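Note that the structure is predicted; figures quoted are calculated from it, not measured. What you see below is based on every heavy atom in this structure, not just the backbone, and it leaves out hydrogens, waters and symmetry mates. Starting from 1, each residue takes its place in the sequence as its number.
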Amino acid sequence: MTDRPGRSATVVALGAAAAAISGVVVLAIASRTLTTEENSGFLTYWAALFAIFAVLSGIQNEMTRAVRADERLGAEIRRTTSPLLTGILIGAGTAAAVLLLFPAWEMVFATLDDRVLPVLLMAFAAVLYAGHVASVGTLAGLGRWGAFAGLTAGESAVRLMVTGLAAAAGWGVAGFECAAAGGALTWLTASLLIPGLRDMWRIRIGLPMTALTRRLLNAMAAAGANALLITGFPLLMSATTAPDAYRAAAPLVIAVSMTRAPLLMPITAFQSMVIAAFVEHPERAGTALRRLVGAVAAIAAIGGLLAALVGPWLMGLVFGPDYRNTPLILGMLVVAAALLALLVLGGSIALALDAHTVNTIGWYVAVAVSVVVMLLPFDLTTRTIAALALGPLIGSAIHFGFVMRRLRHQLQER
């Protein structure tokens, strides 16, 4: 059953807020429990794990679009494809790719003592998280926003609880790594134990599995760039910085995560809502676009100022005195996060308009620019801020340029 529109936005917002807070608390516990050097290694693993999750999140966005479009076709079509099974199969393929890339992971995890466990955990979590995003994408496509928000918040809450247990038991870096991956089990447990979610295993759509898989892989290709810029950026920081220098980079890595989380977590959570709305009412794209861009710009201006004024004190309070940064660094990182938010929104709207290629091009141009900037001969802080600003700025210009041309074309046809 579809949830009421007014209630839908509220529950999605609450689910996103719970997920964002849980993530912050996990990182705070790690910074208070591990040494700075240990935490640099854990943060690299965290970034790698969530980069894989971000790639798989393409399943969620395309599944939302596919299920919502299928719903509009009515009862006259034959439905044989299982969204959940399709997602899990893609997750298994992703896990195999993770294992095959072990030599690369050894280089990325150079600051970790054990480089085998993290890779095994990431492969295990890839299969499970694919099931999670297939589930929430299906729920979003069906308009079941209460269940969508519950699974979103529940996955993060379980991760937080296991992290607390790992810290209390003194399990060290390995315990934190297991806790980070363990949240992906939440959807499976819920779908087996909760009657209202158990029917996800029986849902079928009319789109053939081969066609659905092709669309999912296309969306994941765009999400791969999304993964590097949003959650996996510390991997690029680590790969372009000498290990000795990167061991001291935990304060900057935390600052990158914290300055973007308040803006990007809600926007990422609302992606499914944006896509569903634009599939349902593409004629409203212009008005919605102006409102979204205006809201992001306002948040960037206010958030950047607040980050500069109270950010250093707040970072020291939450994460410890070793994690304070300068007002300029924190303010600039918030502005960069706003530009990344525009890239997310532009890509979502392009995807909703069935322009998968434009979505992918915008993201990969943004990544290419960011990688080039990170290879320049400047200090890590300067390279990080510049890369996080310039890449998304150019990529979002590609997205919004296409969207505006499409809107003008639609107006001319009326």
For Thr241, give me all partners under side chain to side chain donor-acceptor pair (under 3.5 Å), at least two apart in sequence or on another chain.
Arg383
Counterpart residues, side chain to side chain donor-acceptor pair (under 3.5 Å), relative to Tyr323 (two or more places apart)
Asn39
So, the side chain of [X] versus the backbone of [Y]: is there a donor-acceptor pair under 3.5 Å, distance only?
| X | Y | answer |
| --- | --- | --- |
| Ser31 | Ala28 | yes |
| Arg324 | Pro312 | yes |
| Trp187 | Leu128 | yes |
| Arg159 | Ala180 | yes |
| Ser396 | Leu343 | no |
| Tyr45 | Glu177 | yes |
| Asp379 | Thr382 | yes |
| Asn325 | Leu330 | no |
| Ser156 | Ala153 | no |
| Ser57 | Gln60 | no |

For the student: nearest non-hydrogen atoms of Ala389 and Ala336, plus distance
N-CB, 4.1 Å
Looking at every non-hydrogen atom in both residues, tell me the closest pair between Leu236 and Ser370 and how far apart they are.
CD2-O, 4.3 Å
Reference residue Thr163; test side-chain contact (heavy atoms from CB on, under 4.5 Å); the match among Thr33, Leu27, Val26
Val26
Looking at Asp322 and Arg32, does any basic side-chain N land under 4.0 Å from a carboxylate oxygen?
no
CZ of Phe124: more than 12 outside heavy atoms within 6.0 angstrom?
no
I'd like to know whether CE of Met374 has more than 12 heavy-atom contacts from other residues, nucleotides or ligands below 6.0 angstrom.
yes
Show me the pairs that pass side-chain hydrogen bond (donor to acceptor under 3.5 Å, both in side chains) and involve residues 105-121, at least two apart or across chains.
none
So do His132 and Phe53 actually touch side chain to side chain, heavy atoms under 4.5 Å?
no
Exercise: do Thr94 and Tyr129 side chains pair donor with acceptor under 3.5 Å:
no
